[in-house]
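Input: a single structure, listed below in structure tokens.
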Amino acid sequence: MRAINHAITGAIIGLAVTNPVALPLAFASHYVLDSLPHHGFNGESFPNLKLFNVLLAVDILLCVALVAVLSIRHPEYWRLAALCAFLAASPDFMWLSDFRRILKGRSAQNINNRHAAVRLHHYVQWFQRPIGLIVEVAWVIGATVVLVTLLYQR
Ligand SMILES: [Zn+2]
């Protein structure tokens, strides 16, 4: 899933749970969302690196905007929500080494030679193809409605 979908889901968990139990729940939510069909290029190869970089930049900007909205709207547990947003998106940092390899024109490291946590993350994403964008758009709309409801309920 795109980082913004992970981050919004994490923020919702933080705002709804309102205690530190939200932290591991937000982290675990990453794997639940990744198990849904979603947008992607099936792991090892990015057919269009420029498109990938644009989508990544948009994702990062949206995540920064999410934290800005949380801090400006300032609900009681906004710091927990921001931390949960980060934790929910954080497992994708394990792909940074592959991203660096691809930027250098090399292929991603063979998944079978990776740590068990990386293999689990890879295999839970059984469907990541461009058509998965439909699920991503539906999720971001639904999650935004829930987030706005939580932000304006008091
Ligand atoms: Zn992931």
Side-chain angles (χ1 to χ4, degrees), residues 1-43 46 51-100 102-103 108-109 111 114-154:
M1 276 256 183
R2 304 302 315 176
I4 188 58
N5 273 328
H6 289 300
I8 292 177
T9 303
I12 289 169
I13 292 169
L15 291 174
V17 175
T18 71
N19 69 55
V21 172
L23 300 170
L25 291 176
F27 186 82
S29 76
H30 186 98
Y31 296 92
V32 174
L33 263 63
D34 268 359
S35 71
L36 300 174
H38 61 273
H39 183 259
F41 305 107
N42 240 1
F46 305 114
L51 173 64
F52 178 83
N53 286 333
V54 168
L55 291 173
L56 183 62
V58 169
D59 238 357
I60 291 168
L61 287 174
L62 289 172
C63 289
V64 170
L66 171 65
V67 174
V69 166
L70 289 170
S71 70
I72 291 167
R73 183 65 191 143
H74 217 83
E76 185 175 357
Y77 294 97
W78 80 270
R79 286 185 181 89
L80 177 65
L83 186 56
C84 285
F86 176 80
L87 285 174
S90 67
D92 280 341
F93 287 126
M94 71 176 66
W95 305 124
L96 281 178
S97 64
D98 283 341
F99 184 57
R100 281 197 298 266
I102 289 164
L103 285 180
Q109 194 177 357
I111 195 67
R114 306 292 295 273
H115 188 274
V118 179
R119 291 199 308 271
L120 170 69
H121 195 173
H122 175 80
Y123 290 120
V124 79
Q125 301 184 83
W126 63 276
F127 187 105
Q128 58 172 342
R129 301 201 175 93
I131 191 69
L133 188 62
I134 294 168
V135 175
E136 302 259 8
V137 170
W139 192 275
V140 81
I141 291 170
T144 300
V145 168
V146 173
L147 180 67
V148 169
T149 303
L150 286 169
L151 287 175
Y152 288 91
Q153 71 181 356
R154 294 178 192 121

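Positions are given from 1, in the same order as the sequence printed here.
The side-chain contact (heavy atoms from CB on, under 4.5 Å) test applied to Thr9 returns Ile13, Ser29, Leu33, Trp139, not counting sequence neighbours. Considering only residues two or more places apart in sequence or on other chains, Pro24 meets the side-chain contact (heavy atoms from CB on, under 4.5 Å) condition with none of them. Residues satisfying the ring-ring contact (aromatic ring centres under 6.0 Å, His included) criterion with His121, sequence neighbours excluded, are His30, Tyr31, Trp95. Leu66 pairs by the side-chain contact (heavy atoms from CB on, under 4.5 Å) definition with Ile4, Ala7, Ile8, Ala11, Leu70, Ala85, Leu147, not counting sequence neighbours. Residues satisfying the ring-ring contact (aromatic ring centres under 6.0 Å, His included) criterion with His115, sequence neighbours excluded, are absent altogether. Not counting sequence neighbours, Leu61 has no partner by the side-chain contact (heavy atoms from CB on, under 4.5 Å) test.
Arg73 and Leu151 make their closest contact through NE-O, 2.9 Å (heavy atoms, listed as atom of the first residue, atom of the second, distance). Here the closest non-hydrogen pair linking Ala26 and Gly10 is CB-CA, 4.2 Å. Shortest non-hydrogen contact noted between Met94 and Ser97 is O-OG, 4.2 Å. Closest of all the heavy-atom pairs between Leu36 and His38 is O-ND1, 2.7 Å. The shortest non-hydrogen separation linking Ser71 to Trp78 is CB-CZ3, 3.4 Å.
Under the 4.5 Å side-chain criterion, counting only non-hydrogen atoms from C-beta, His6 is in contact with Asp34. Considering only heavy atoms from C-beta on, Phe99 comes within 4.5 Å of Asn53 through its side chain. Between Gln153 and Leu15 there is no side-chain heavy-atom pair separated by less than 4.5 Å. Within the 4.5 Å cutoff, side-chain heavy atoms of Trp126 are placed close to those of Pro37. At least one side-chain heavy atom of His39 sits less than 4.5 Å from a side-chain heavy atom of Leu55.
Atoms SG and CG, from Cys84 and Leu25 in turn, are 8.0 Å apart once rounded to the nearest 0.5 Å. Note: Leu56 CG to Arg2 CZ = 7.0 Å, rounded to the nearest 0.5 Å.
Judged by distance alone, the side chain of Asp59 and the main-chain N or O of Ala3 form a donor-acceptor pair under 3.5 Å.
Environment of CG in Leu133: crowded, with over 12 heavy atoms of neighbouring residues, nucleotides or ligands closer than 6.0 Å.
Of the options Asn19, Thr18, Leu83, Val17, a side-chain contact (heavy atoms from CB on, under 4.5 Å) to Tyr77 is made by Thr18 and by none of the others.
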